[in-house]
Protein chains: 2
Amino acid sequence: MIDDQWEPPPILLAVDLVILTLRESRLQVLLVERGIDPYQGAQALPGGFLQHTGESLIAAAHRELAEEADLDVETLRLEQLGVYDDPDRDPRGRVVSVAFLAIAPRLPEPIAGTDAADAGWQPVGRVLSGELDLAFDHRRIVTDGIERARAKLEHSALATAFCGPTFTITDLQDVYEAVWGIPLDPRNFYRKIKKTDGFIVSAGSARKAATGRPARLFRAGPREVLYPPMIRPVDSPNGKESVQ
Amino acid sequence: MIDDQWEPPPILLAVDLVILTLRESRLQVLLVERGIDPYQGAQALPGGFLQHTGESLIAAAHRELAEEADLDVETLRLEQLGVYDDPDRDPRGRVVSVAFLAIAPRLPEPIAGTDAADAGWQPVGRVLSGELDLAFDHRRIVTDGIERARAKLEHSALATAFCGPTFTITDLQDVYEAVWGIPLDPRNFYRKIKKTDGFIVSAGSARKAATGRPARLFRAGPREVLYPPMIRPVDSPNGKESVQ
DNA sequence: GTAATAGTGTCTATGAGACAATATCCG
DNA sequence: CGGATATTGTCTCATAGACACTATTAC
């Protein structure tokens, strides 16, 4: 707790960032090791406090993203994920945090953190299973972010954000399989994608692996809303949804 | 503006409430007439500032709901809609507002406001069209709330929240038609609803109107997530979504 | 040639949408 | 009975999913 030599502390506003990417065919989340006291040494989402009254939340999110993860701010679209305001979520006092979600394409191996003690990718499975313990309520925030990403893959062209500027349809399928956590039939996936006008546009062809027939390359198309949506096979066909 | 006899004012946290209901077969939103200075006399969403540091956002939302609209807090489920934090959104200074969305069943005609100068329902069409001008950025918040409600009708059993404890399938159809703003075929709607296990459960039958065959009555079932989803016919089959 | 991946064709079951037909009330 | 609404039946078309098959590369 903080020393109480003066007035009750005000409510502090913070931002937390859930940055997801695909590495080694697995969905991974960007985490930093906390360098200061509450939860020092624990893994946490990148983020921090608003620096001044006039700073907008999205500006703070972009600033933290640049500071802590050295990510290209321009290419990442941040989407508001939710507000986390349990009065007890931060031992330092009342901290209301606004979480943002972003999807990143595959990046050079180590994220060169300039600010945080250490920044790196972790498979989301280790977070969801509880194997990896996160500071504050960040496990819940990650859980919510993943569920949001899964849902957005159904109705939007978000999946292309996981890929580089050009990609194959198989690359795209890897995204869906990793985020949804289920296998898909390559043949049906291929036709479904190509039948959705504007989802992807041709970008030549190239040889990918050292084996097999080379795949055509595509770029993200103009369409952002998918109609009809991609269908996520249901594993629990009854009752309420079970997150985590 | 506020007088500046002391330190730069802190960031203030507020809640705004989008309460939707069905009246006269139209989607309507609860608005209050502002009694104090910024936008005095204009229509606005019910809401207000957090009263003390320890108050949670959801508690503040419920409190405002009770104060300004005299609504039964227990039956309404508030869902976080989003954060609105444009630094210029409130002339008094930096006010960050968290919006909540709730769906209310048909209620006794006049909402007896205890706090606000006046509270009442307005058809959302008048807000969306700009015919009715709202204070602050509340028109955007209402727009976002409606879009959220439309989307949730597809994938959740939210529609039953618009109805009373028991309702007919035609009542449910009225909800979908009003919120989506399109007509649906009664025969196909009927079968689709009954085929979705757990959406509704039987609750006897009763005569509704003075004419026609009496309909069976139902209650909301245990299912909250609809799989497969209800399908909202698409009016704009191409390109990006236009929220306006 | 074989191995491996990319891409196409085809069949089937299911479900959405159109709409005829029947049921059950009021007067 | 006729008018009105509720409920069921049936037909057609589109599509998801299963899966056989062909195409194109590396070796």
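Model, not experiment: these values are computed from the prediction. Here is how names work: the chains are called A, B, and so on, in the same order as the sequence lines, proteins then strands, and each is numbered from 1.
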>> With a 4.0 Å cut-off on N to O distance, would you call E224(B) and K152(B) a salt bridge?
In response: no
> Starting at CD of Q173(B) and ending at P of dA6(D), how long is that distance when rounded to a whole Å?
Replying inline: 9 Å
> Tell me: CD1 of I182(A) to P of dA16(D), nearest whole Å?
Replying inline: 14 Å
> Atom CD1 of I200(B) to atom P of dA6(D): distance rounded to whole Å?
Replying inline: 13 Å
> Are OP1 or OP2 of dA6(D) and a side-chain N or O of R216(B) less than 4.0 angstrom apart?
Replying inline: no
>> Expressed as a whole number of angstroms, how long is the span from L172(B):CG to dA6(D):P?
In response: 13 Å
>> My understanding is that only residues two or more places apart in sequence, or in another chain, count here; which of them pass side chain to side chain donor-acceptor pair (under 3.5 Å) with R126(B)?
In response: Q122(B), E131(B)
>> Any salt bridge linking D144(A) with R148(A)? Criterion: basic side-chain nitrogen under 4.0 Å from a carboxylate oxygen.
In response: no
>> What is the distance, to the nearest angstrom, from the CZ atom on F189(A) to the C1' atom on dT5(C)?
In response: 16 Å
>> Rounding to an integer number of Å, can you tell me how far K195(B) NZ sits from dA13(C) C1'?
In response: 12 Å
> Is the phosphate of dA6(D), meaning OP1 or OP2, less than 4.0 Å from a side-chain N or O of T170(B)?
Replying inline: yes
> What pairs with Q173(A) under side chain to side chain donor-acceptor pair (under 3.5 Å), at least two apart in sequence or on another chain?
Replying inline: E177(A)
> What string of B, S and - do you get for nucleotides 17-24 of chain C, 5' to 3', if B is base contact, S is sugar-phosphate-only contact and - is no contact with any protein heavy atom under 4.0 Å?
Replying inline: BBBB--BB
> CZ of R232(A) versus P of dA16(D): gap in Å, rounded?
Replying inline: 16 Å
>> Using the side-chain heavy atoms of Y190(A), tell me which of these nucleotides is nearest: dA6(D), dT8(D), dG7(C).
In response: dG7(C)
>> Whether E147(B) and R232(B) form a salt bridge (side-chain N of Lys/Arg under 4.0 Å from carboxylate O of Asp/Glu) is what I want to check.
In response: yes
> Do the side chain of W180(B) and the main chain of R150(B) share a donor and acceptor less than 3.5 angstrom apart?
Replying inline: yes
>> Check this one for me: any side-chain N or O of T211(A) less than 4.0 Å away from OP1 or OP2 of dT25(D)?
In response: no
>> Rounded to whole Å, please give me the gap between NZ in K192(B) and P in dT7(D).
In response: 18 Å
> Looking only at heavy atoms, which two atoms of D197(A) and R223(A) are closest? And how far apart?
Replying inline: O-NE, 3.0 Å
